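Report on one structure; see the data block that follows.
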Amino acid sequence: MQALQQKASEWSGVAASDAFAIDETNLFETLGGLQPFIDLSTNFYNRVYDDEEEWFRSIFANSKKEDAIRNQYEFLVQRMGGPPLYSQRKGHPALIGRHRPFPVTHQAAERWLHHMQQALDSMSSIDPDSKIKMMNFFRHTAFFLVAGNQMTRQDLGATCNK
């Protein structure tokens with residue numbers, strides 16, 4: 001796990017201490033509860049499902065947008081200091097395992113982050129400091145998943161491309 005965190009920091013350009021600055025404050029309380037997370041996830045997935053790149057949209061083709069929105073906001077609420085909505089409904093987040101079926105590549109991570117940055121930028125209900133903390137967490141986590149995906153594929157004997 002430590003090696004994956006190191007790869008995530010290297011590839012994302014975000015130190016683990018910056019990525020986990022979200023743990024130094026309760027963003028759920030800071031942002032006023034559930035609604036900002038619902039709004040962010042809705043905005044984000046509207047962008048994802050409308051992406052002009054077919055290769056990127058295809059990653060999400062087998063997921064209903066409403067389910068993706070709910071999974072994301074429940075995870076974010078739980079991870080950022082709120083009630084454990086995600087775990088109560090789905091069990092441990094197990095991010096690498098849950099993302100195993102998807103092609104989590106550098107290119108996909110950057111495209112995901114592009115949409116998340118746009119979604120965050122559009123949210124006037126989220127203060128600038130919280131946006132920075134959240135984006136550092138998202139950037140590091142996206143590349144943590146890339147590293148986990150590559151490790152999983154290597155374990156399965158598949159070739160992995162950067």
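Along the sequence shown, the residues carry numbers beginning at 1. Because the structure is predicted, anything quoted here is derived from the model rather than measured.
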Before you tell me yes or no, could you show the steps for Phe144 and Lys7 under side chain to side chain contact (heavy atoms under 4.5 Å, CB included), namely the whole-Å CA-CA distance, both residues' side-chain angles and the distance that decides it to 0.1 Å?
CA-CA 7 Å; Phe144 175 78; Lys7 271 291 180 215; over 6 Å; no
Is any side-chain heavy atom of Gln107 closer than 4.5 Å to one of Trp55?
yes
Looking at CG of Asn43 and CD1 of Ile69, how far apart are the two atoms once the value is rounded to the nearest 0.5 Å?
9.5 Å
Taking the side chain as C-beta and beyond, is there a heavy-atom pair between Met151 and Leu4 under 4.5 Å?
yes
Using a 4.5 Å cut-off on heavy atoms from C-beta on, say whether the side chain of Ser63 contacts that of Tyr49.
yes
I'd like to know if the side chain of Asn71 pairs up with that of Arg89 as donor and acceptor (distance under 3.5 Å, no hydrogens or angles considered).
yes
Side chains of Leu40 and Met116 in contact at under 4.5 Å (non-hydrogen atoms)
yes
What's the spacing between Leu145 CG and His140 NE2 if we round to 0.5 Å?
11.0 Å
Under the salt bridge (Lys or Arg N to Asp or Glu O under 4.0 Å) criterion, do Arg47 and Glu52 qualify, and how do the steps go?
CA-CA 9 Å; Arg47 293 171 189 279; Glu52 65 269 13; over 6 Å; no
So, do Tyr86 and Arg70 sit near enough that their side-chain heavy atoms are less than 4.5 Å apart?
no
Can you see whether Thr42 engages Asp39 through a side-chain donor-acceptor pair at a distance of less than 3.5 angstrom?
no
So Phe37 and Phe28, would you call those rings parallel, tilted or perpendicular, with 30° and 60° as cut-offs?
parallel
Count the heavy atoms belonging to other residues, nucleotides or ligands that lie under 6.0 Å from CG of Asn62, then report whether that count exceeds 12.
no
Is the ring centre of His106 less than 6.0 Å from the ring centre of Phe143?
yes
Taking only residues two or more places apart in sequence or in another chain, which ones pass side chain to side chain donor-acceptor pair (under 3.5 Å) with Ser87?
Gln78
Are side-chain heavy atoms of Phe44 and Gln72 found at a separation under 4.5 Å?
yes
Can you check salt bridge (Lys or Arg N to Asp or Glu O under 4.0 Å) on Asp18 and Arg139, steps first, answer last?
CA-CA 10 Å; Asp18 290 332; Arg139 188 154 189 79; over 6 Å; no
Check the side chains of His115 and Asp51 for a donor-acceptor pair under 3.5 angstrom, ignoring hydrogens and angles.
yes
Atom CD in Gln35, atom CD1 in Ile38: separation rounded to 0.5 Å?
4.5 Å
Closest approach of Ile126 to Lys131 (non-hydrogen atoms, all atoms of both residues):
O-CE, 3.0 Å
Single-linkage hydrophobic cluster, 4.5 Å side-chain cutoff, Val14 and Ile132 together
no
Hey, could you give me the CZ/CD distance between Arg57 and Glu54, rounded to the nearest 0.5 Å?
5.5 Å
Evaluate the side-chain proximity of Leu95 to Thr141: yes if any heavy-atom separation is below 4.5 Å, no if none is.
yes
Sidechain-backbone polar pair: Ser58 side chain, Ala61 backbone, donor-acceptor under 3.5 Å:
no
Residues Arg79 and Asp23 bridged, charged N to O under 4.0 Å:
yes
Just wondering, do His114 and Val48 contact through their side chains at under 4.5 Å, heavy atoms?
no
Just say parallel, tilted or perpendicular for the rings of Trp112 and Phe138, cut-offs at 30° and 60°.
perpendicular
N/O donor-acceptor pair under 3.5 Å between Arg98 side chain and Pro93 backbone:
yes
So, using side-chain contact (heavy atoms from CB on, under 4.5 Å) as the criterion, who are the partners of Ser125 when residues are at least two apart?
Pro36, Met123
Rounded to the nearest 0.5 Å, what separation is found between the CG atom of Leu85 and the CG atom of Leu34?
6.5 Å
As an exercise, state the distance from OG of Ser130 to CE of Met80, rounded to the nearest 0.5 Å.
9.5 Å
